[in-house]
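One structure below.
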Amino acid sequence: MEFRADGTFVERLIGRGDAPEEHLGQWEPSGVIARGVTGSALVVAVTEDRLELAWQ
């Protein structure tokens with residue numbers, strides 16, 4: 001995932017034929033992440049090398 005300063009993010013998932021597909025979403029400084037119609041998440045924990053999310 002790539003989080004951008006403008007409040008958007010890009011999630012790169014494996015698609016058909018193992019080709020990467022980009023999915024766009026929104027994030028808020030409060031820790032709420034929205035993936036369009038496919039769900040949302042909350043930031044659970046952050047360390048130097050790890051971001052833990054709880055998808056809902």
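Just so you know, residue 1 is the first one in the sequence shown, and it goes up from there.
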Exercise for the section: For atom CZ of Arg50, decide whether the heavy atoms of other residues, nucleotides or ligands shown that lie under 6.0 angstrom number more than 12. Expected result: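 No, because the 6.0 Å sphere around CZ of Arg50 holds 12 heavy atoms or fewer from other groups.
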
Below 3.5 Å, can you tabulate the donor-acceptor pairs from side chains in residues 10-18 to any protein atom, sequence neighbours excluded?
from, atom 1, to, atom 2, distance (Å)
Glu11, OE1, Arg35, NH1, 3.3
Glu11, OE2, Arg35, NH1, 3.3
Arg12, NE, Glu22, OE2, 3.4
Arg12, NH2, Glu2, OE1, 3.0

Problem - For Val46, the rest of its hydrophobic cluster, which grows through side-chain links under 4.5 angstrom - result: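 Under the 4.5 Å side-chain rule, Val46 groups with Met1, Phe3, Phe9, Trp27, Ile33, Val43, Leu51, Leu53, Trp55.
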
Handout entry: Pairwise salt bridge (Lys or Arg N to Asp or Glu O under 4.0 Å) hits with a residue in residues 25-34, at least two apart
Key =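 Residue pairs with at least one partner in residues 25-34: there are none.
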
Exercise for the section: With sequence neighbours left out, write down each residue that passes side-chain contact (heavy atoms from CB on, under 4.5 Å) with Leu42, or none if nothing qualifies. Expected result: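 So Leu42 forms a side-chain contact (heavy atoms from CB on, under 4.5 Å) with Val32, Gln56.
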
